Amino acid sequence: RGKRAFIAGVADDNGYGWAIAKALAAAGAEILVGTWVPALNIFETSLRRGKFDDSRRLPNGSLMEIAKVYPLDAVFDSLEDVPDDIKSNKRYSGSSNWTVTEVAESIKNDFGSIDILVHSLANGPEVTKPLLETSRKGYLAALSASSYSFISLLQHFLPIINPGGATISLTYIASERIIPGYGGGMSSAKAALESDTRVLAFEAGRKKQIRVNAISAGPLGSRAAKAIGFIEKMIEYSYANAPLQKELSADEVGAAAAFLVSPLSSAITGSVVYVDNGLNTMGLAC
Ligand code: NAD
């Protein structure tokens, strides 16, 4: 049978999550997505109205099918963790079962198991603030949404990931090199995510032969990236300075992700793989 993938962090057709979903669909996988609760309505409406039909087209001409869209807020592990103001928030009260444990439970009930888990989400409320001006609350929120969210997903999905399955998350070079402007603790969150990739690769590998890798992606003008404020500058910088002088397309990250969750990469785990036109290798911009 074909593989089944759950991609957490798809809310439009611009980001890496969407491109990864397409690459996996093109390779024959069944696609389930997790969409941030506040973005769910507009995403589902746009899907239904055909707004994404052009970008749903796969290389064989067919349209990517999403078997099911699950509302998800990856900063909450279970209902007990949800504060009252969120519970009563209109955008949240219209949906249910969107904590991590509940989504895992729903997928188990609906489909039984998955083979591939993709984490393509991040959030740092103070991302535009320098680290030196970041509050404790903002820092911890960045880590909760962008790093612990992966641990939580893997922890709660592990029982329903088939042995031999694979997972992937998206990281950014700001974890290891100074990228002024990538603030609010987001650089710290990516450093944690990359370290966790190694430790979780060991633990999930020993426990269930599940692989854990991350892609360190180059700049893309996604919705999340536009919120940071200087993404156009990053794209220009990469174009000018990377070994490969071309704009990075989300599909190139999608293709690398498809490789990293396929049997073609069966001996790769605990790795952070750069998909950035080689920009990370430069020592002197020229
Ligand atoms: P995106 O906006 O398409 O994806 C981010 C998604 O995270 C959104 O759909 C958002 O709704 C979701 N999200 C935020 N908080 C959430 C929560 N609490 N629970 C569930 N979902 C939540 O943007 P993207 O740039 O494609 O981001 C995907 C991943 O790629 C992120 O981890 C990001 O850090 C990483 N990345 C992006 C770039 C870039 O330049 N765009 C570069 C390297 C890495």
Side-chain angles (χ1 to χ4, degrees), residues 6-22 33-43 46 52 55 69-77 81-82 86 91-92 95 98-100 102-103 118-125 127 141-150 152-153 168-177 179 181-182 184-194 197 214-238 247-254 256-257 272-277 279-280:
F6 176 63
I7 299 124
V10 179
D12 60 37
D13 60 349
N14 292 319
Y16 283 135
W18 176 270
I20 293 169
K22 273 182 76 174
V33 306
T35 301
W36 197 27
V37 188
L40 181 75
N41 239 330
I42 174 129
F43 179 62
S46 304
F52 301 138
S55 42
V69 177
Y70 291 88
L72 168 71
D73 194 322
V75 307
F76 301 115
D77 301 320
D81 299 336
V82 184
I86 298 273
R91 293 202 289 179
Y92 281 82
S95 311
W98 40 256
T99 67
V100 175
E102 292 171 300
V103 175
V118 178
H119 174 284
S120 182
L121 62 97
N123 196 15
V127 65
L143 270 286
S144 175
S146 313
S147 318
Y148 189 78
S149 56
F150 180 62
S152 177
L153 279 169
I168 189 119
S169 69
L170 277 295
T171 184
Y172 184 49
I173 196 171
S175 59
E176 42 174 335
R177 300 275 183 267
I179 307 286
Y182 195 77
M186 279 306 300
S187 56
S188 330
K190 292 307 193 189
L193 182 65
E194 291 175 25
T197 298
I215 289 176
S216 184
L220 172 77
S222 65
R223 190 187 170 106
K226 282 179 181 142
I228 305 170
F230 60 101
I231 186 68
E232 296 310 329
K233 225 175 94 185
M234 304 301 290
I235 292 170
E236 278 165 34
Y237 180 91
S238 179
E247 190 162 326
L248 179 68
S249 84
D251 291 341
E252 292 174 293
V253 170
V272 177
V273 176
Y274 296 98
V275 183
D276 66 346
N277 285 324
L279 185 64
N280 73 91

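Values below: all heavy atoms of this structure, side chains included; hydrogens, waters and symmetry mates excluded. Quantities reported herein were computed from a predicted structural model and do not represent experimental measurements. Counting starts at 1 for both ligands and their atoms, in listed order.
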Contact atoms of ligand 1, heavy-atom distance to Arg223 under 4.0 Å: 2 (O)

Nearest neighbour in protein (non-hydrogen) for atom 4 (O) of ligand 1: Ser120 O, 3.7 Å

Interfacing atoms of ligand 1 (cut-off 4.0 Å, heavy-atom, Ala122): 7 (O), 14 (C), 31 (C), 32 (O), 34 (O)

Sub-4.0 Å atoms of ligand 1 with respect to non-hydrogen atoms of Ile231: 40 (O)

Side chain to side chain contact (heavy atoms under 4.5 Å, CB included) between Val118 and Tyr16, worked out: CA-CA 10 Å; Val118 178; Tyr16 283 135; over 6 Å; no

Polar atom proximity, Ala74 to ligand 1 (N or O, under 3.5 Å): yes

Nearest-contact summary for atom 12 (C) of ligand 1 - protein heavy atom, Å: Leu121 CB, 3.9 Å

Expected output: side-chain Ser238 to main-chain Ile235 donor-acceptor under 3.5 Å: no

For atom 22 (C) of ligand 1, the protein heavy atom that lies nearest, with its residue and separation: Trp36 CG, 3.5 Å

Leu220 and ligand 1 - part of the residue with a heavy-atom distance under 4.0 Å: both

Atom 44 (C) of ligand 1: the protein heavy-atom neighbour that sits closest, reported with distance to 0.1 Å: Thr171 O, 3.1 Å

Atom indices of ligand 1, in the order listed, that fall short of 4.0 Å to a heavy atom of Gly15: 3 (O), 26 (O)

Candidate pair Trp36 and Asp73, rule side chain to side chain contact (heavy atoms under 4.5 Å, CB included), full reasoning: CA-CA 5 Å; Trp36 197 27; Asp73 194 322; 3.1 Å; yes

Nearest-neighbour protein heavy atom for atom 25 (O) of ligand 1, which is reported as residue plus atom name and distance: Ser222 OG, 2.6 Å

Close approach of Leu72 to ligand 1, heavy atoms, under 4.0 angstrom: yes

Min heavy-atom dist His119 to ligand 1 below 4.0 Å: no

Glu252: salt bridge (Lys or Arg N to Asp or Glu O under 4.0 Å) partners, not counting sequence neighbours: Lys246

Ser146 side chain vs Ala142 backbone, donor-acceptor pair below 3.5 Å: yes

Protein contact to atom 30 (O) of ligand 1 [nearest heavy atom, distance to 0.1 Å]: Leu170 CB, 3.3 Å

Any donor-acceptor pair under 3.5 Å from Ser147 side chain to Ala189 backbone: yes

Test side chain to side chain contact (heavy atoms under 4.5 Å, CB included) applied to Asp77 and Thr99, step by step: CA-CA 5 Å; Asp77 301 320; Thr99 67; over 6 Å; no

Residue Ala224 vicinity, atoms of ligand 1 by number, heavy atom under 4.0 Å: 1 (P), 2 (O), 23 (O)

More than 12 heavy atoms of other groups within 6.0 Å of Glu247 CD: no

Structural part of Met186 in contact with ligand 1, heavy atom criterion under 4.0 angstrom: neither

Phe230-Tyr182 aromatic ring centre distance below 6.0 Å: no

Nearest non-hydrogen protein atom, atom 33 (C) of ligand 1: Lys190 NZ, 3.8 Å

Backbone or side-chain N or O of Tyr172 under 3.5 Å from ligand 1 N or O: no

Numbered atoms of ligand 1 (with element) below 4.0 Å of Asp73, judged on heavy atoms: 17 (C), 18 (N), 19 (N)

For the student: nearest non-hydrogen atoms of Ile215 and Val275, plus distance: CG2-CG2, 3.5 Å

Mutual orientation of the aromatic rings belonging to Trp98 and Tyr92 [parallel < 30°, tilted 30-60°, perpendicular > 60°]: perpendicular

Tyr16 N/O under 3.5 Å from ligand 1 N/O: yes

Protein contact to atom 9 (O) of ligand 1 [nearest heavy atom, distance to 0.1 Å]: Ala11 CB, 3.4 Å

Flag if over 12 foreign heavy atoms under 6.0 Å of CG, Asn41: no

Check: Asp13 main-chain N/O paired with Lys22 side-chain donor or acceptor under 3.5 Å: no

Distance filter under 4.0 Å to Ala217 heavy atoms, resulting ligand 1 atoms: 42 (C), 43 (C)

Side chain to side chain contact (heavy atoms under 4.5 Å, CB included) evaluation trace for Tyr148 with Leu143: CA-CA 6 Å; Tyr148 189 78; Leu143 270 286; over 6 Å; no

Those atoms of ligand 1 less than 4.0 Å from some heavy atom in Gly218: 40 (O), 42 (C)

